[in-house]
Trainee: 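Shown below is the structure under consideration.
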Amino acid sequence: QVQLVESGGGLVQAGGSLRLSCAASGGAFKTYAMGWFRQVPGKEREFVSYITWNGISTIYADSVKGRFTISRDNAENTMYLQMNRLKPEDTAVYYCAATSRVGTVTQLRLYDYWGQGTQVTVSS
(Lines give C-alpha, C1' and ligand atoms only; values in the text may rest on other atoms or scores of the structure.)
Protein backbone atom coordinates (compact mmCIF):
# COMPACT_ATOMS: atom_id res chain seq x y z
CA GLN A 1 0.00 0.00 0.00
CA VAL A 2 1.39 3.35 -1.07
CA GLN A 3 0.19 6.64 0.36
CA LEU A 4 0.61 9.74 -1.78
CA VAL A 5 0.35 13.33 -0.62
CA GLU A 6 0.48 16.28 -3.01
CA SER A 7 1.56 19.77 -2.06
CA GLY A 8 2.64 23.01 -3.69
CA GLY A 9 -0.61 24.14 -5.23
CA GLY A 10 -1.87 27.68 -4.93
CA LEU A 11 -2.91 30.85 -6.71
CA VAL A 12 -0.61 32.29 -9.36
CA GLN A 13 -0.92 34.83 -12.15
CA ALA A 14 -0.83 33.77 -15.76
CA GLY A 15 2.76 33.38 -16.90
CA GLY A 16 3.92 32.41 -13.44
CA SER A 17 5.31 29.15 -12.10
CA LEU A 18 4.54 26.58 -9.44
CA ARG A 19 6.21 23.35 -8.41
CA LEU A 20 4.03 20.53 -7.19
CA SER A 21 5.39 17.75 -5.01
CA CYS A 22 4.08 14.26 -4.42
CA ALA A 23 5.45 12.55 -1.31
CA ALA A 24 5.12 8.79 -1.12
CA SER A 25 5.16 6.52 1.90
CA GLY A 26 4.28 2.97 2.85
CA GLY A 27 5.68 1.22 -0.18
CA ALA A 28 8.62 0.81 -2.50
CA PHE A 29 8.30 4.12 -4.30
CA LYS A 30 11.14 3.40 -6.69
CA THR A 31 9.33 0.36 -8.09
CA TYR A 32 6.38 2.42 -9.32
CA ALA A 33 6.00 4.52 -12.40
CA MET A 34 4.24 7.75 -11.57
CA GLY A 35 1.84 10.13 -13.19
CA TRP A 36 0.21 13.51 -12.78
CA PHE A 37 -3.43 14.11 -13.66
CA ARG A 38 -5.74 17.08 -13.31
CA GLN A 39 -9.45 17.65 -13.04
CA VAL A 40 -11.81 20.59 -13.23
CA PRO A 41 -15.39 20.45 -11.94
CA GLY A 42 -17.74 18.80 -14.38
CA LYS A 43 -14.99 17.30 -16.50
CA GLU A 44 -13.16 13.99 -16.52
CA ARG A 45 -9.77 13.69 -14.89
CA GLU A 46 -7.14 14.05 -17.59
CA PHE A 47 -3.58 12.89 -18.03
CA VAL A 48 -0.84 15.48 -17.63
CA SER A 49 2.49 13.67 -17.40
CA TYR A 50 4.17 10.34 -16.75
CA ILE A 51 7.60 9.22 -15.55
CA THR A 52 9.13 5.77 -15.41
CA TRP A 53 10.36 4.26 -12.15
CA ASN A 54 13.94 5.30 -12.88
CA GLY A 55 13.10 8.74 -14.26
CA ILE A 56 14.66 8.00 -17.63
CA SER A 57 11.52 8.25 -19.71
CA THR A 58 8.84 10.92 -19.51
CA ILE A 59 5.80 11.89 -21.56
CA TYR A 60 3.49 14.88 -21.52
CA ALA A 61 0.05 15.82 -22.68
CA ASP A 62 0.21 18.13 -25.69
CA SER A 63 -1.40 20.90 -23.68
CA VAL A 64 1.53 21.12 -21.26
CA LYS A 65 4.45 20.02 -23.42
CA GLY A 66 7.29 22.51 -23.27
CA ARG A 67 5.91 24.20 -20.14
CA PHE A 68 5.76 21.42 -17.53
CA THR A 69 8.58 19.15 -16.37
CA ILE A 70 8.09 15.96 -14.40
CA SER A 71 10.88 14.54 -12.26
CA ARG A 72 11.43 12.29 -9.27
CA ASP A 73 13.88 11.69 -6.47
CA ASN A 74 13.73 8.06 -5.45
CA ALA A 75 16.04 8.67 -2.49
CA GLU A 76 13.49 11.15 -1.14
CA ASN A 77 10.40 9.17 -2.24
CA THR A 78 9.13 12.27 -3.98
CA MET A 79 7.93 13.22 -7.44
CA TYR A 80 7.68 16.74 -8.79
CA LEU A 81 5.87 18.71 -11.45
CA GLN A 82 7.51 21.99 -12.37
CA MET A 83 4.90 24.15 -14.09
CA ASN A 84 6.07 27.21 -16.00
CA ARG A 85 4.27 29.76 -18.17
CA LEU A 86 1.02 28.85 -16.51
CA LYS A 87 -2.25 29.65 -18.25
CA PRO A 88 -5.76 30.12 -16.84
CA GLU A 89 -6.75 26.85 -18.52
CA ASP A 90 -4.24 25.04 -16.29
CA THR A 91 -6.53 25.75 -13.34
CA ALA A 92 -7.54 22.40 -11.83
CA VAL A 93 -7.04 20.02 -8.96
CA TYR A 94 -3.81 18.15 -9.62
CA TYR A 95 -3.41 14.54 -8.56
CA CYS A 96 -0.40 12.29 -8.43
CA ALA A 97 -0.75 8.57 -8.95
CA ALA A 98 1.37 5.42 -8.87
CA THR A 99 1.19 2.44 -11.18
CA SER A 100 2.86 -0.96 -11.17
CA ARG A 101 2.13 -1.47 -14.87
CA VAL A 102 5.02 -1.78 -17.26
CA GLY A 103 5.12 0.50 -20.25
CA THR A 104 3.80 4.00 -20.77
CA VAL A 105 0.61 4.49 -18.79
CA THR A 106 -1.66 7.44 -19.51
CA GLN A 107 -5.04 5.93 -18.62
CA LEU A 108 -6.12 6.76 -15.11
CA ARG A 109 -7.86 3.41 -14.65
CA LEU A 110 -4.45 1.70 -14.80
CA TYR A 111 -3.10 3.52 -11.76
CA ASP A 112 -3.13 1.74 -8.41
CA TYR A 113 -2.76 4.56 -5.89
CA TRP A 114 -3.87 8.19 -5.82
CA GLY A 115 -3.24 11.24 -3.74
CA GLN A 116 -5.95 13.56 -2.47
CA GLY A 117 -5.12 16.37 -4.89
CA THR A 118 -3.87 19.93 -4.67
CA GLN A 119 -5.62 22.97 -6.12
CA VAL A 120 -3.87 25.09 -8.74
CA THR A 121 -5.55 28.33 -9.73
CA VAL A 122 -4.14 30.55 -12.47
CA SER A 123 -5.60 34.04 -12.71
CA SER A 124 -5.68 35.98 -15.96
Trainee: Got a sec, which pairs hit disulfide bond (SG atoms under 2.5 Å apart) with one end in residues 95-124, sequence neighbours left out?
Mentor: C22-C96
Trainee: Between atom CD1 of I51 and atom CZ of R72, what is the distance when rounded to the nearest 0.5 Å?
Mentor: 6.0 Å
Trainee: Can you tell if the side chain of T91 reaches within under 4.5 Å of the side chain of V40, non-hydrogen atoms only?
Mentor: no
Trainee: What heavy-atom pair brings V105 and Y111 nearest, and what distance separates the two atoms?
Mentor: O-OH, 2.7 Å
Trainee: How far apart are the closest heavy atoms of V12 and L86, and which atoms are they?
Mentor: CG1-CD1, 3.6 Å
Trainee: Does anything in residues 34-89 form a disulfide bond (SG atoms under 2.5 Å apart)? List the pairs, not counting sequence neighbours.
Mentor: none
Trainee: Under the disulfide bond (SG atoms under 2.5 Å apart) rule, what pairs show up with a residue in residues 52-89, not counting sequence neighbours?
Mentor: none
Trainee: Can you tell me how far CG of L4 sits from CZ of F29, rounded to the nearest 0.5 angstrom?
Mentor: 8.0 Å
Trainee: Going by the salt bridge (Lys or Arg N to Asp or Glu O under 4.0 Å) test, which pairs reach into residues 49-62, not counting sequence neighbours?
Mentor: D62-K65
Trainee: Which pair of heavy atoms, one from S49 and one from L81, lies closest together, and at what distance?
Mentor: CB-CD1, 4.4 Å
Trainee: Can the positive tip of R45 be found less than 6.0 Å from the middle of the six-membered ring of Y95, inside 45° of the ring normal?
Mentor: yes
Trainee: Mind checking the CG-OG1 spacing from L110 to T104? Nearest 0.5 Å is all I need.
Mentor: 11.5 Å
Trainee: What pair of heavy atoms forms the shortest contact from L108 to W114, and how long is it?
Mentor: O-CZ2, 3.4 Å
Trainee: Could you list all the salt bridge (Lys or Arg N to Asp or Glu O under 4.0 Å) pairs where at least one residue sits in residues 8-30, not counting sequence neighbours?
Mentor: none
Trainee: Can you pull the ring pair (Phe, Tyr, Trp, His ring centres under 6.0 Å) pairs that have at least one residue in residues 5-25, sequence neighbours excluded?
Mentor: none
Trainee: Counting N and O atoms only, with roles assigned by atom type, does the side chain of R101 sit under 3.5 Å from a partner on the main chain of A33, one being a donor and the other an acceptor?
Mentor: no
Trainee: I need the minimum non-hydrogen distance between Q3 and G26, along with the two atoms involved.
Mentor: OE1-CA, 3.6 Å
Trainee: Under the side-chain contact (heavy atoms from CB on, under 4.5 Å) test, which residues partner S100, sequence neighbours left out?
Mentor: Y32, D112
Trainee: Once side-chain contact (heavy atoms from CB on, under 4.5 Å) is applied, do any residues pair with A14, and if so which ones, sequence neighbours excluded?
Mentor: P88, V122
Trainee: Working note: L20 + T118, criterion side chain to side chain contact (heavy atoms under 4.5 Å, CB included); need CA distance, chi angles, decisive distance, verdict.
Mentor: CA-CA 8 Å; L20 305 184; T118 185; 4.0 Å; yes
Trainee: Quick one: salt bridge (Lys or Arg N to Asp or Glu O under 4.0 Å) pairs with a partner in residues 74-95, sequence neighbours left out?
Mentor: R38-D90, R67-D90
Trainee: For Q119, which residues count as a side-chain hydrogen bond (donor to acceptor under 3.5 Å, both in side chains) partner, sequence neighbours excluded?
Mentor: T121
Trainee: Given the rule that I, L, V, M, F, W and Y join up when any side-chain heavy atoms are under 4.5 Å apart, are Y80 and M83 in one cluster?
Mentor: no
Trainee: State, to 0.1 Å, how close N84 and S17 come at their nearest heavy-atom pair, and which atoms those are.
Mentor: OD1-OG, 2.9 Å
Trainee: Please determine which of S71, S7, S21 meets the side chain to side chain contact (heavy atoms under 4.5 Å, CB included) test together with T78.
Mentor: S21
Trainee: List the steps and the verdict of side chain to side chain contact (heavy atoms under 4.5 Å, CB included) for Y94 and Q39.
Mentor: CA-CA 7 Å; Y94 284 72; Q39 188 171 23; over 6 Å; no
Trainee: About how many Å separate CG of N77 and CE of M79, when rounded to the nearest 0.5 Å?
Mentor: 12.0 Å
Trainee: Per the disulfide bond (SG atoms under 2.5 Å apart) rule, what does the pair list look like for residues 30-89, sequence neighbours excluded?
Mentor: none
Trainee: Would you list the pairs meeting ring pair (Phe, Tyr, Trp, His ring centres under 6.0 Å) in which at least one residue belongs to residues 45-70, sequence neighbours left out?
Mentor: F37-F47
